Amino acid sequence: MQRVYINKISDFVDKDVTIKGWLYNIRSSGKLMFPEIRDGSGIIQGVVAKSTVPESVWEDFSKLTQESSIIVKGKVSKHPKKENVFELQINDLEIISLAEPYPITPKEHGVEFLMDRRHLWLRTPRQVAILRIRNEIIQSIRDYMYINGFILFDAPIFTPNACEGTTTLFATEYFDLGKAYLSQSGQLYAEAGALALGKVYTLGPTFRAENSMTRKHITEFWMMEPEMAYYDIDDNMDLIEDFLEYVVSRVLKNCAVELQTLGRDVSKLEKVKKPFPRITYDEAVEILRKKDIPLIRKTESGEEQIRPFPWGEDFGAPHEEAIVEDFEKPVMVHRWPAEAKSFYMKRDPKNPDIALGVDVLAPEGFGEIIGGSQREDSLAELEKRIKEHKLPFDDFQWYLDLRRFGSVPHSGFGLGIERMVTWICNLEHIREAIPFPRRPNRIKP
RNA sequence: UCGACAGUAGCUCAAUGGUGGAGCAUUCGGCUGUUAACCGAAGGGUUGCAGGUUCAAGUCCUGCCUGUCGAGCCA
């Protein structure tokens, strides 16, 4: 008898099939039982009638516990009441392993309880849907990059120094060479790749040791960083919107069932079409001033509100929300005050106080999902900047070599995979966007 | 790191300073179309830890621990 997966069950109506999976839940009604069986691809309701199955099968079903692994055989039928829903009229059961009492019931649970059992929580329909969408996002990223001539360029995880010199890094002993740090970005290495291969991208884990306890931060997250030679900041933004449109459309096309499981309002995602709004930092500040959103600065006695919003300050959560709320697409904020941005960003030739950076803010208040820029390609400027930021000059010699030997205008950006998943899936918290999230107060399971 | 809030049965939550309860889960019984099924019964507690106020503390006070949310940092 053919073994089938539940998400393909509609192809087998009136056929006898085998399903290999686990018992998700079971309801009984005297001489009838309704086991819900999951196999990783979906859930199907089985029907077991005492009058039509052997007594041993009926007894075996009676003793089944939640999450017991089972193989069932039966005929696929249409649900008597529901459209496009299928059932399995079960006539045989093989118990592979009878599960011990299962801690995660179909009822409500708290976050801590579930996170302590993340390895089991992953089996629930909601988590399965999220991880399937994560898979589609990453696969579509790889496909987009491959189709468009980008070369996968894996950056190292052990690095000798801070890439951007700002955030706190995880340190570890590295043989006789002193401290090594876990990478917070593959960008600098991707720049070397871009000058070798033209267009490259990295896709791998990155690490930030900041004690950030918010719904948008994890300490270990996956980042995709394309880097392109002969791209300026505007080429970079062209790529960002084309890329984001592709990924979102792929999820809409291939993950309709999963989005429905999550209750996602897909009409919001369907609006993610080119072109996206591009506003300069100056224009964003104008929006904040018009809406009278102040800068909030901490003082010894508490906090003070500064209005109008002063030019040169970075945006916080309330500012991002105010900027995004009038748009239904990702918003690209570009050309930032250089003071607020990293050392490697190229200055605007028309205004040295401006850095050619771009932040992409997801709609619906999900915040920053992409940070990118045109990179500084002048050796003298970059040397000056590294000294100003008091970065270890020797460690950056190889990076400066990229400006010594055939420097070109080049650009790139970093996309936070989990933030993308959080947005697409409309999650409350980033911790659901990765199988085993790492946060400052959690390393297990 | 700072601020706010919370911690009571395996889980989710109630309980005016005055004898700690319910739903679910578990066990047993009932039910031939259930949908987080339902109905009946049973078992299940050092109220996060330490101290204090009080005739009396789950409840008020202090400290600690743990967690959640927010801020900063950013993807």
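Naming convention: chains lettered A, B, ... in sequence-line order (proteins, then strands); numbering from 1 in each chain. Atoms considered below: every heavy atom in the structure, side chains included; atoms not considered: hydrogens, waters and symmetry mates. Owing to the predicted nature of the structure, the values given are computational and were not obtained by experimental measurement.
A donor-acceptor pair under 3.5 Å is formed between the side chain of A:Arg307 and the backbone N or O of A:Asp292.
The phosphate of B:C69 (OP1 or OP2) has a side-chain N or O of A:Arg431 nearer than 4.0 angstrom. Between B:A37 and A:Arg27, a contact under 4.0 Å exists linking OP1 or OP2 to a side-chain N or O. Put simply, A:Asn211 has no side-chain N or O that comes within less than 4.0 Å of OP1 or OP2 on B:G72. Regarding contacts with the backbone of B:G67, a side-chain N or O of A:Asn441 is found under 4.0 angstrom from either OP1 or OP2. The side chain of A:Arg215 contributes no N or O atom lying less than 4.0 Å from OP1 or OP2 of B:C69.
Contacts of A:Arg442 with the nucleic acid, taken as non-hydrogen atoms under 4.0 Å apart, are absent. Among the atoms of the strands shown, base atoms are found under 4.0 Å from some heavy atom of A:Ile218. Within the 4.0 angstrom heavy-atom criterion, no nucleotide atom of any strand lies near A:Pro101. Nucleic acid contact class of A:Thr206 (heavy atoms, under 4.0 Å, all strands): none. Note on A:Lys81: only backbone sugar-phosphate atoms sit closer than 4.0 angstrom, heavy atoms only; bases stay farther off. Counting non-hydrogen atoms under 4.0 angstrom, A:His79 reaches a base of the nucleic acid. Within 4.0 Å (heavy atoms only), A:Gly367 reaches no atom of the nucleic acid at all. No engagement by A:Leu415 is indicated, since no non-hydrogen atom pair under 4.0 Å with the nucleic acid exists. Counting any heavy atom pair closer than 4.0 Å across all strands shown, A:Gln45 reaches a base atom. A:Glu108 comes within 4.0 angstrom of a nucleotide base, judged by non-hydrogen atoms across all strands.
Using the Watson-Crick or G-U wobble rule with both distances under 3.5 Å, B:U47 pairs with nothing in any strand shown.
Across B:C28 and B:G43, the matching P atoms stand 16 Å from one another, rounded to whole Å. Distance noted for atom C1' between B:G7 and B:U12: 14 Å (whole Å). Here, B:U46 and B:U35 have their P atoms 36 Å apart, quoted to the whole Å.
By the stacking rule of 5.5 Å between ring centres and under 30° between planes, A:Phe34 does not stack on the base of B:G33.
Side-chain atoms of A:Thr280 and A:Asp282 form no donor-acceptor pair, as typed in the model, at a separation below 3.5 Å. No side-chain donor-acceptor contact under 3.5 Å links A:Gln139 and A:Arg250.
Close placement of the A:Phe309 and A:Phe315 rings is indicated, their centers lying within 6.0 Å of each other. Note: A:Phe150 and A:Phe243 fail the aromatic proximity criterion, with ring centroids not under 6.0 Å apart.
Summary of the strand contacts: A:Asp314 and A:Val111 both lie near RNA chain B, and taking for each the nucleotide with the nearest heavy atom, the more 5' one is attributed to A:Val111. In terms of position along RNA chain B, the nucleotide closest to A:Ser28 lies nearer the 5' end than the nucleotide closest to the other residue of the pair A:Phe221 and A:Ser28.
Contact annotation: side chain of A:His217 to base of B:C74, donor-acceptor pair present below 3.5 Å.
Note that CD1 of A:Ile70 is 10.5 Å distant from CG of A:Asp60, once rounded to the nearest 0.5 Å.
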